[in-house]
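Note sheet for the following structure.
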Amino acid sequence: MTPSNTDAPTMTVNKQDFLDLDKQDPLANFRHEFELAEGLIYLNGNSLGVLPKAAKARMADVISREWGQGLIRSWNTHNWITLPQRIGAKLAGIIGAKDHEVIVCDSTSVNLFKLAAAAMKLRPGRCKIVTEPGNFPTDLYILNGVKNFIGHDIEIVTVPSSEVMQHIDQDTALVCLTHVHYKSGTMLDMKGITQAAHDQGAIMMWDLSHSTGAVPLQLNDAKADLAVGCGYKYLNGGPGAPAFLYVAEEHLKTLEQPLTGWFGHANAFAMSDDFEAAPGIEKTLCGTTPVLGASALEVGVDIMAKVDPQQLRDKSLALSEYFIRLMEPLCETYGFELATPKDQSIRGSQVSYTHPQGYAIIQALIAQDIIGDFRAPNILRFGFAPLYVRFIDLWNTVDALQRIMQSNSWDQAQFRAKNKVT
Ligand SMILES: Cc1ncc(COP(=O)(O)O)c(C=O)c1O
């Protein structure tokens, strides 16, 4: 299914070929598990995934039966209390970790803070955190927050990801990188960079927000120490879904995190004045689980757990490769510049272009029910969630974009007016 980097002459070019690709798609049936309006093309699953149909029934049940009737009893009778571990264990299978190394809680930002601070404690006497400029803003802000909070001689070293390995040294406590970059879609070498961090005795933390459910992951095989990630993107957990975090088994015993709330206590309902951390991954919890959000997320995770990771990767690459090929004439004529690697081995599941009028162009597409998004200053992003994006969607998107560019229909005040959320 996937065109390789070098087989341009055999590239399919007509609409029927894309319809045929959908017929051959082994993942095609997953689309029926999601609520997608007729005629909508959704290329924004890298930002907010779509609604799993089963989530509607699940939410109705959680709200009416578990909350409405069960009330406080449901913490026990419906096992609300172990939701974070239960969903974490399911996620573990998706990210190549052990069941007891993953837990669902808080937001990605909060989890970054807890684990970055914990990493500094795991490496006392070391003063550097290595990351990349242009990392997702919250990652940089949180790392700075950790630095300011610790307050003594911590240095944040930001170097391009291609040079990270050379800048990790014996003073480095933590290397913190996003595995698939949110703007460019570049996928980093998880195993190689983790090894380079370990060679210098540093802790490696990965932000998997744009990887989980988008590319195959093997955290244990890569020997990753720590990781965090989003629930609301490719996992289709719903707006503001709880995030997850991973702590490698070898660190579970010694890891200390700063947000020592009662859900992280070894025996929360002993109601003791003194904090005693839970022995396992539960020590990373802070407060009460958002039960409704976690219940919706579980539905998305259950769907993803059924997917063959290789089929996911094959389709993801086929989608991005065909899209890049279809876009080539528009790049030449209208000045779009590919901002995503052409090399498939380092590409996640999105394709981005720069264009000076990117914002208005994306708005003009959205007006036609083709939803991508824009990231300042000039990036148009198209995310390919392999469970519900079809090949024909690529054809129709590029066809619409061609007409928007040819007619200059993007050039209208309504499309230039910036919304709060882009
Ligand atoms: C790479 C990355 N990290 C972190 C976040 C922020 O996560 P949250 O808002 O859940 O804290 C995002 C959000 O899009 C992201 O793309």
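Predicted, not measured: the structure shown is a model, and the values here were computed from it. For the numbers below, each heavy atom of this structure counts, side chains included, while hydrogens, waters and symmetry mates do not. As the structure lists them, so they are numbered: ligands from 1, and atoms in each ligand from 1.
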Q) Starting from atom 3 (N) of ligand 1, which protein heavy atom do you reach first, and at what distance in Å? A) Asp207 OD2, 2.6 Å

Q. For ligand 1, does Thr108 get within less than 4.0 Å through its side chain, its backbone, both, or neither, judged by non-hydrogen atoms?
A. both

Q) In the protein, what heavy atom is nearest to atom 14 (O) of ligand 1, and what distance, to one decimal place, separates them? A) Lys233 NZ, 2.7 Å

Q) Salt-bridged, Asp399 to Arg403, with N to O below 4.0 Å? A) yes

Q: Please indicate whether any nitrogen or oxygen in Thr178 is less than 3.5 Å from any nitrogen or oxygen in ligand 1.
A: no

Q. Can you tell which part of Ser209 has a heavy atom less than 4.0 Å from ligand 1: side chain, backbone, both or neither?
A. side chain

Q | Best match, Phe136, Tyr232, Phe113: closest heavy atom to atom 9 (O) of ligand 1 | A | Tyr232

(Q) Can you confirm whether Lys121 is buried at NZ, in the sense that more than 12 heavy atoms of other residues, nucleotides or ligands lie under 6.0 Å from that atom? (A) no

Q. Restricting to pairs with a member in residues 195-236, which pass ring-ring contact (aromatic ring centres under 6.0 Å, His included), not counting sequence neighbours?
A. His179-Trp206

Q. For ligand 1, which atoms have a heavy atom of Ser107 less than 4.0 angstrom away?
A. 10 (O), 11 (O)

Q | Residue portion contacting ligand 1 (non-hydrogen atoms closer than 4.0 Å) for Leu112 | A | neither

Q | Tyr182-ligand 1 polar pair, N/O distance under 3.5 Å | A | no

Q | Atoms in ligand 1 flagged as close to Asp139, the criterion being non-hydrogen separation under 4.0 Å | A | 3 (N), 4 (C)

Q. If we only count heavy atoms from C-beta on, is the Tyr182 to Ser209 side-chain gap below 4.5 Å?
A. no

**Q.** Lys191/Asp189 ion pair, N-O < 4.0 Å
**A.** no

Q: Using only heavy-atom distances, determine whether the side chains of Asn135 and Thr178 contain a donor-acceptor pair under 3.5 Å.
A: yes

**Q.** Asn111, Asp225, Asn220, Thr284 screened by side chain to side chain donor-acceptor pair (under 3.5 Å) with Tyr246, the one that passes
**A.** Asn220

Q: Measure the shortest side-chain to side-chain distance between Phe136 and Thr108 over non-hydrogen atoms and say whether it is less than 4.5 angstrom.
A: no

**Q.** Protein contact of atom 16 (O) of ligand 1 - nearest heavy atom, named by residue and atom, plus distance
**A.** His210 NE2, 2.8 Å

Q) Where is the nearest protein heavy atom to atom 11 (O) of ligand 1: which residue, which atom, and how far? A) Ser109 OG, 2.5 Å

